[in-house]
Structure formats: structure tokens, C-alpha cells
Protein chains: 2
Amino acid sequence: MPTTALEQPARVDEQLCFALYSASKTLTAAYRQALGELGLTYPQYLTMLALWETDGRTVAELGRAIDLDSGTLSPLLRRLETSGLIRRERSVLDERVVRVLLTAQGRALESPAAAARARVEAATCLSQEEFTQLRSLLHRLRTNVAAAQTRLW
Amino acid sequence: MPTTALEQPARVDEQLCFALYSASKTLTAAYRQALGELGLTYPQYLTMLALWETDGRTVAELGRAIDLDSGTLSPLLRRLETSGLIRRERSVLDERVVRVLLTAQGRALESPAAAARARVEAATCLSQEEFTQLRSLLHRLRTNVAAAQTRLW
DNA sequence: TACTATTAGATTGCACACAATCAAATGGAT
DNA sequence: ATCCATTTGATTGTGTGCAATCTAATAGTA
């Protein structure tokens, strides 16, 4: 059945997955440069975004918000804690739960981070409509593929 | 100046960068599952795609095709060589150049890989127009941001 | 009370990703 | 012939990503 697809070998340039993969890496690289002075990596920036939006989330809530599991979050949060941007507090009611809280230093980073974000968004050179359209298509793709994944079990 | 952006904290869900980041991870996860039986990771699949398209590329040519530097490619190619899918051959004319060549086993993987790709693309549930539109927007974003990056130096 | 299943988070191991650095080889200049 | 900048690929170190596993703690059941 896939023989029709094989008569012409699939070009890397034409793959949606590669367009997505390389665009994501390029945007992340732009953020790396923009966030460099703040001492934040891109996933660390996402984590801080989630905390600026709602402080005091648990590790699991954070993971759901930015789609990362504890294997990635644990060392990432440890580094943010070492940097003095957050602190971790074990819940008294349920000692399995760890709440992540911003320090004053972490809150102080919101404004320069917003400036960095503005610079990167400007570099995309997309109109407001294109921006919204792209975000919407990406969201649909993610939802559809994720649904198809879970449907297998 | 960024104070206007700060009156309302930026929501993670609304960030284009996060939509891109999480969509890319989701699609990669779908490929991981689809490629699992073939023993290929997603970056390894991209490498094989580039070789199925044009066999015998040098490491640098491969890196340009799939946007990876030698620090990533070197160990990845070593693993593909260990798996028996490729072999590396140092050029006689210029001994700095290493040419990457498919083995028969590597070529045999093209057809099942195309089937895996078809399954993942079906899972996106995007129409042909949406597919093309999304790819085009991603390509423009990548080009624009990459140009802005290099313009700084 | 004991037994069991579930949950939360941490840890481990493997595979990218990339900056920085290195060694070998080449090409061009004197 | 010798020096020197450049090129090619490999290596090292840090930081994700994620599957698998582990421990501790909680909740439900008999």
C-alpha cells in the first residue's frame, strides 16, 4: 500500500513533521539568546511563565500546564531553586505533595522576560492573523494526534 | 515599556512558542510509537529520510539537511552504524570528509518507515489545505526568526 | 488492624541538542 | 618549504525529554 509513496522518495523539506521540528528548534534558539542574560533556558522560562500566571502550583499541576513529566521537572526545578528563583515546600496535609513558590527574585524576572518575549515575537514577522491562525492549527494538530495516541489503549 | 504586557500575566496556553513546542513534542511522540518497531528514534528517522533522498552525503551535508550539528550527529550516526543501517567511509581525496552510506538493511527500512509516516499523518486529521498552510506558516516563521538571529552578528 | 491499590514525586538510564573546544587536514600566502 | 587561517568531524559538558522504576504516603477494603 505505501508503494505509491515510495516511487518518489519523501523529501525532508516537504515533511510537516520536519517543518514543525525545525521551526520549534529555531524559536527555542531565539529564546535561548533572548533569555541568556536572565540565566533561563527555554523550558525554565516556560516553568516561570506558568508560575507567574499561578504561583504555588504543585509539581503535577506544573507538569500538566507545560506538558513535562517529573523526570524532566525534578532536575529543572532543582536548578531554578539553586538559582534562587523558586522554593519548594512540602505540603503538611499530604506529604507527597510539593508546592512550587516564586521568590522575590523570581517575581522580579517577569518584566525583563516579557521584554525578551516581545523581541522574539517581533522576529517572527507574522501578522496578527497569521499568528492566531498558526497557533490554532498547532493546537488542533496537537489535540488530534494526542487523541489518536491515547485511543490506542 | 513592557508594562502593558504585564498588567495581565502572559498565559502559557496563549503563547505561540508553547503551541509550537508542545505540538512538536506530541508529533515526535507519535513518531516514536510508530517507529518503535523499526528501532528508530525520530532524529534517526530524519537522518534516514535524508539518506533515502540522497545517499552518500557527507556529515556536514546531512547536518544542513536536517539542521543538526556534529555534536548531535556524531553519536547518532555511530548508533545507526552499530545498528547496521549505515556505514561511514572516510574520503580518500580529503581525509577530513566522512561520507555516510546506506547499507542494504538501511535501504530495506524505507518502505515500513513510509507506512509509519502515513499512520502519523493520518492521526493529524488535517485537510490537505490545512497541511500545506501550516507547513508554509512554519517555514516562514523559521526563515524569519533565523534571519533575525544571524542579523545580530 | 492488615492488605491492597493508587498517587506524588524523585531517581536512573538512554538519547538528543547545542556551545565550546580540539585535532587533523587542507589551502593559500609568502 | 613554512606559516597560518579555515574546514571537517569528533569530543566534552550541561540541560532537557521520557520510559521505567523506586519510595513514601494516602485511601479504600475487609
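In the text below, chain A, chain B and the rest are named by the order of the sequence lines, each starting its count at 1.
- Between the base of C:dA10 and the side chain of A:S70 there is a donor-acceptor pair shorter than 3.5 Å.
- Between the CZ atom of A:F18 and the P atom of C:dC16 there is a distance of 16 Å, rounded to whole Å.
- Computed from coordinates, the B:L77 CG to C:dC16 C1' distance equals 13 Å when rounded to whole Å.
- At least one donor-acceptor pair closer than 3.5 Å links the side chain of B:R90 to the backbone N or O of B:E95.
- Distance from the side chain of A:T72 is smallest to D:dT16 among C:dG9, D:dT16, D:dT11.
- In this structure, CZ of B:R99 is placed 12 Å from C1' of D:dT8, rounded to the nearest angstrom.
- Taking atom CG of residue B:D67 and atom P of nucleotide C:dA19, one finds them 11 Å apart after rounding to whole Å.
- When distances run from any side-chain atom of B:S74 to the nucleotides D:dT11, D:dC18, C:dA10, the shortest one goes to D:dT11.
- As a whole-Å value, the separation of B:I66 CD1 from C:dC16 P is 10 Å.
- With hydrogens and angles ignored, the 3.5 Å screen pairs a side-chain donor or acceptor of B:Y42 with a backbone N or O of A:C17.
- Within residues 79-98 of chain A, the residues that have a heavy atom under 4.0 Å from DNA chain D are, in order of number, A:R79, A:L93, A:D94, A:E95, A:R96.
- A salt bridge links B:E130 with A:R140: at least one charged nitrogen is closer than 4.0 Å to a carboxylate oxygen.
- Sequence order on DNA chain C of the closest nucleotides to A:P75 and B:P75 puts A:P75 first from the 5' end.
- Using a 4.0 Å heavy-atom cutoff across all strands shown, A:T58 reaches sugar-phosphate atoms only and no base atom.
- Taking 4.0 angstrom as the limit, B:Y21 places a side-chain polar atom (N or O) nearer than this to OP1 or OP2 of D:dG17.
- Residues B:P43 and B:L76 meet the side-chain proximity criterion, which asks for heavy atoms closer than 4.5 Å.
- The distance from atom CD of B:Q149 to atom P of C:dC18 is 12 Å, rounded to the nearest whole Å.
- The residue B:L73 sits apart from the nucleic acid: no heavy atom pair falls under 4.0 Å.
- Remark: B:E81 pairs with B:R88 by the side-chain hydrogen bond (donor to acceptor under 3.5 Å, both in side chains) rule, at least two apart or across chains.
- Spacing between atom OH of A:Y45 and atom P of D:dT16 amounts to 15 Å, rounded to whole angstrom units.
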I would like to know whether B:Q15 and A:R117 meet side chain to side chain donor-acceptor pair (under 3.5 Å); could you show each step before the answer?
CA-CA 10 Å; B:Q15 303 303 305; A:R117 182 184 118 223; 3.3 Å; yes
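- Within the 4.0 angstrom heavy-atom criterion, only backbone atoms of the sugar-phosphate kind lie near A:R78; the bases stay farther away.
- Regarding contacts with the backbone of C:dC16, a side-chain N or O of B:T41 is found under 4.0 angstrom from either OP1 or OP2.
- Using the six-membered ring where Trp is involved, B:W52 and B:Y45 have ring planes that are perpendicular, over 60° apart on the 30 and 60° scheme.
- Picking from C:dA17, C:dG9, D:dA19 the nucleotide with the shortest atom distance to the side chain of A:D69 gives D:dA19.
- A close approach under 4.0 Å does not occur between any side-chain nitrogen or oxygen of A:K25 and OP1 or OP2 of C:dC16.
- In this structure a side-chain-to-backbone donor-acceptor pair under 3.5 Å is present from A:R57 to A:A50.
- The separation between B:Y42 atom OH and C:dC14 atom C1' is 20 Å, rounded to whole Å.
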